Amino acid sequence: FDLSRFKWFLTVQIGDVIRWNKYPYPKYNNIIKPRWFVYIGSTDIFSIPIQYYFVTTTRQKTRIITPKDGCSLLTNKFTFFTFNCYIDFEERPHTILKDIVEKNPDIEIVGELDEKTLKEIYNGIRKSSRYSYQAILDIYNSFNRDNVTDLEKPVFRRSGTKLRKKKKSN
């Protein structure tokens with residue numbers, strides 16, 4: 001009798017690395033397989049329902065922002081990764097309902113990233129065009145709640161609008 005199979009409630013913290021066995025949303029060829037994610041925060045506690053934000057990993061080095069801008073090879077730093085992987089800043093954050101994550105027996109925490117790496121990830125997120133202002137703000141606030149501080153606060157940038165020049169009156 002293996003009691004560990006019957007976990008009823010999963011609690012995640014900033015920087016937890018999870019492996020979602022049988023990830024139900026396949027990316028290519030409808031093949032269900034494990035996916036690796038890093039928990040980076042949640043929506044505000046007043047958001048109904050609360051959603052968790054995750055970044056995913058990739059084996060494709062060409063899809064990452066350079067190490068000076070983002071996060072470099074993770075397997076050199078953390079032995080719990082079973083293959084060479086990078087944080088994928090070119091993919092939108094995975095937002096998953098809190099209840100699905102907490103009650104899913106196919107999700108396991110396999111490790112935790114250090115604060116320096118988390119700050120690299122945050123800076124990569126801030127520079128990525130794939131994250132909305134609200135998502136970055138939620139992530140910033142989540143990092144601060146979990147005592148990952150000294151981060152640059154996101155600035156709202158209005159996109160798609162141009163300032164019009166005033167017409168000269170004669």
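Numbering of residues begins at 1 and proceeds along the displayed sequence. The model shown is predicted, which means the values in this text are computed figures rather than measured ones.
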Glu112: partners by side chain to side chain contact (heavy atoms under 4.5 Å, CB included), with sequence neighbours left out: Asp16

Main-chain N/O of Lys22 paired with Asp106 side-chain donor or acceptor, under 3.5 Å: no

Glu91 and Arg130 ion-paired at < 4.0 Å: no

Sub-4.5 Å side-chain heavy-atom contact between Val17 and Ile109: no

Matching residue for Thr56 among His94, Arg92, Arg35 - test: side chain to side chain donor-acceptor pair (under 3.5 Å): Arg35

Geometric class of the Phe156/Tyr133 ring pair [parallel <30°, tilted 30-60°, perpendicular >60°]: perpendicular

Interatomic spacing from CG in Asn144 to CG in Asp150 - rounded to 0.5 Å: 8.5 Å

Co-membership, hydrophobic cluster, residues Ile32 and Val101, 4.5 Å side-chain: no

Contacts of type side chain to side chain donor-acceptor pair (under 3.5 Å), residue Asp44, not counting sequence neighbours: none

Flag side-chain contact, heavy atom, 4.5 Å: Phe37 against Tyr23: yes

Spacing of OG belonging to Ser142 relative to CD1 belonging to Ile40, to within rounding of 0.5 Å: 8.5 Å

Spacing of Leu137 atom CG and Gln134 atom CD [to the nearest 0.5 Å]: 5.5 Å

For Leu118 against Gly15, the heavy-atom pair lying closest together: CD2-CA, 3.4 Å

Test side-chain contact (heavy atoms from CB on, under 4.5 Å) applied to Lys119 and Leu151, step by step: CA-CA 7 Å; Lys119 288 180 176 184; Leu151 303 169; 3.7 Å; yes

CD on Glu120 to CD on Glu115, rounded to 0.5 Å: 11.5 Å

Pairwise distance CD1(Ile18) to CD(Glu108) - rounded to 0.5 angstrom: 9.5 Å

same_hphob_cluster(Ile50, Ile48) at 4.5 Å side-chain heavy-atom cutoff: no

Crowding at CZ, Arg19 (>12 non-hydrogen neighbours, <6.0 Å): yes

Which atom of Pro49 lies closest to which atom of Thr43, heavy atoms considered: O-OG1, 4.2 Å

Candidate list Phe143, Tyr52, Tyr53, test ring pair (Phe, Tyr, Trp, His ring centres under 6.0 Å), partner Tyr39, passing option: Tyr52

Interatomic distance, Ile136 atom CD1 to Lys127 atom NZ [nearest 0.5 angstrom]: 12.0 Å

Test side chain to side chain donor-acceptor pair (under 3.5 Å) applied to Tyr140 - qualifying residues, sequence neighbours left out: none

Candidate pair Val148 and Tyr122, rule side-chain contact (heavy atoms from CB on, under 4.5 Å), full reasoning: CA-CA 10 Å; Val148 179; Tyr122 175 78; over 6 Å; no

Minimum side-chain heavy-atom gap Tyr131-Pro93 below 4.5 Å: yes

